[in-house]
Number of protein chains: 2
Amino acid sequence: MSEMRQRILTEATHLFARRGYEGTSVQAISEAVGIRKPSLLYHFSSKALLRDAVLESLLSRWGDVVPQVMTAATTGENRFESTLTEVIGFFEADPDRARLLWREMLDRPDALRSLLSAHLSPWIGLVSSTIRRGQREGIIYADLDPEAWIFWVITMAVAGFSAAGLSGVFSEDAPAHRRAELVRIARVSLFTPPLEAPEHG
Amino acid sequence: MSEMRQRILTEATHLFARRGYEGTSVQAISEAVGIRKPSLLYHFSSKALLRDAVLESLLSRWGDVVPQVMTAATTGENRFESTLTEVIGFFEADPDRARLLWREMLDRPDALRSLLSAHLSPWIGLVSSTIRRGQREGIIYADLDPEAWIFWVITMAVAGFSAAGLSGVFSEDAPAHRRAELVRIARVSLFTPPLEAPEHG
DNA sequence: CCTACCGATCGGTAGG
DNA sequence: CCTACCGATCGGTAGG
């Protein structure tokens, strides 16, 4: 990919994430890159194709990051910690990712659904079967719905970071508290309470 | 409020929720109502003021619904069930509400923050202090962050319904499973596990 | 990668 | 609540 194409993609990602697709003109992207509008349209022959390229580039970056974590993780609790940290870290590293995904979901749910199916399905399947094994072992709640649980945890990660501008409504020093509470909710809603050694019996 | 003003507000809510503010023209709203563009602009003198009125109307409807529930709820577990059911029901009844709120959060986080502070703060304060009482009684996790927990539960409710079009990525019959799993996650992340009578000790 | 230009649509106004 | 109209901006093309 040419360097100019990459620069256009970077600026378009940022502007689409912040102002939305309809709220961003090709003119505005060109200015951010430092070229004229027809020059941009030489690299991406329409605004719609540029949008597709931006989304595709975001999802492929997700695809780069996740497999390592999955294979790296080992035991139950460790796999939980490292995987969740990676998912949160992906969106924390660049909140534009969360904003862009959420806007796409609102604007074009069908298009996003097929892209997510392609890029996420193997990963979801792997996490699901790990959860089911934990359920058979009794360390994970038996009445938990694996796919639904994954949906909600990812939803919290994406939504929480696309809502980064909402600090102050729910509490003062929100970001840090919210992150810790997200991890706590995920953990305690996944693992069954440890059968404590009968200390007081 | 005049009947025509109300009809404009209804159509504008639907179109802003589905296509976004920038993606909806005044012309499109007028057509949905069945009048001409200048006639609409007689009732709302600018598109921006129409947006403000739409958001204000949505939040005041939330304000209508919630207080009853809070006063109606009684004991700990019942209060949890009825309040969560009401929050979910509010967005389930009309997914446009969730979509509109999420779009506003992406487009104008500052404006939404101050509106949410005005409409939600008393309610959040009440739920928080109920949670803190439960923590003192030991039936709610002591390391739970009340405001952050509320943030995540509301986030799941809003996000889950604005993501209604995403069925099929995570599982087949997603909506029903997801709703049940949301309630389970909220409950099990809130209440400490019951100290079972020592059956096997 | 540029200048010059296209028809269509945008939010909004004049005036009745 | 209407017709008629405004300047500005939209995505995109011609042609070099």
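The structure displayed is predicted, hence computed values, not measured ones. Note on naming: letters A, B, ... go to the chains in the order of the sequence lines (proteins, then strands), and numbering restarts at 1 for each one.
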Using the test salt bridge (Lys or Arg N to Asp or Glu O under 4.0 Å), find all partners of [X] that sit at least two apart in sequence or belong to another chain.
{"X": "A/E92", "result": "A/R179"}
{"X": "A/R184", "result": "A/E181"}
{"X": "A/R5", "result": "none"}
{"X": "B/R132", "result": "B/E147"}

Please output the side-chain donor-acceptor pairs of residues 52-61 of chain A that fall under 3.5 Å, not counting sequence neighbours, one pair per line with the distance.
{"unit_1": "A/D52", "atom_1": "OD1", "unit_2": "A/R108", "atom_2": "NH1", "d": "3.2"}
{"unit_1": "A/D52", "atom_1": "OD1", "unit_2": "A/R108", "atom_2": "NH2", "d": "3.3"}
{"unit_1": "A/S60", "atom_1": "OG", "unit_2": "A/S57", "atom_2": "O", "d": "3.1"}

Given pairs defined as Watson-Crick or G-U wobble with both distances under 3.5 Å, what dot-bracket annotation applies to DNA chain D, with ( ) intrastrand, [ ] crossing, | other strand and . unpaired? ||||||||||||||||

With sequence neighbours excluded, give me every salt bridge (Lys or Arg N to Asp or Glu O under 4.0 Å) pair touching residues 13-34 of chain B.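 Residue pairs passing salt bridge (Lys or Arg N to Asp or Glu O under 4.0 Å), neighbours aside: B/R18-B/D96.
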
Nearest-Å distance, CD (B/E31) to C1' (D/dC1)?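 The distance from CD of B/E31 to C1' of D/dC1 comes to 16 Å, rounded to the nearest Å.
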
Mind calculating the distance between NE2 (B/H43) and C1' (D/dC2) to the nearest angstrom?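 To the nearest whole Å, that distance equals 12 Å.
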
Taking DNA chain C as the partner, which of residues 3-18 of chain A come within under 4.0 angstrom of it by heavy atom?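 Those residues whose heavy atoms fall under 4.0 Å from DNA chain C, taken from residues 3-18 of chain A in numerical order, are A/M4.
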
With sugar-phosphate taken as primed atoms, P, OP1 and OP2 and all else as base, the protein-contact string of nucleotides 3-16 of chain D at under 4.0 Å (heavy atoms; B, S, -) is BB-----SBBB---

Would A/F191 and A/Y141 count as a close aromatic pair, with their ring centres under 6.0 Å?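 Centroid separation for A/F191 and A/Y141: 6.0 Å or greater.
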
For A/A98, enumerate each residue passing the side chain to side chain contact (heavy atoms under 4.5 Å, CB included) test, keeping only those at least two apart in sequence or located in another chain.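 Counting only residues at least two positions away or on another chain, A/A98 forms a side chain to side chain contact (heavy atoms under 4.5 Å, CB included) with A/F91, A/V158, A/F161, A/S162.
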
Just to verify, what does A/A118 make a side chain to side chain contact (heavy atoms under 4.5 Å, CB included) with, not counting sequence neighbours?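 Checked A/A118 against side chain to side chain contact (heavy atoms under 4.5 Å, CB included); zero matches.
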
Kindly state each residue pair satisfying side-chain hydrogen bond (donor to acceptor under 3.5 Å, both in side chains) with at least one member in residues 36-48 of chain B, sequence neighbours excluded.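 The answer is none; no pair qualifies.
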
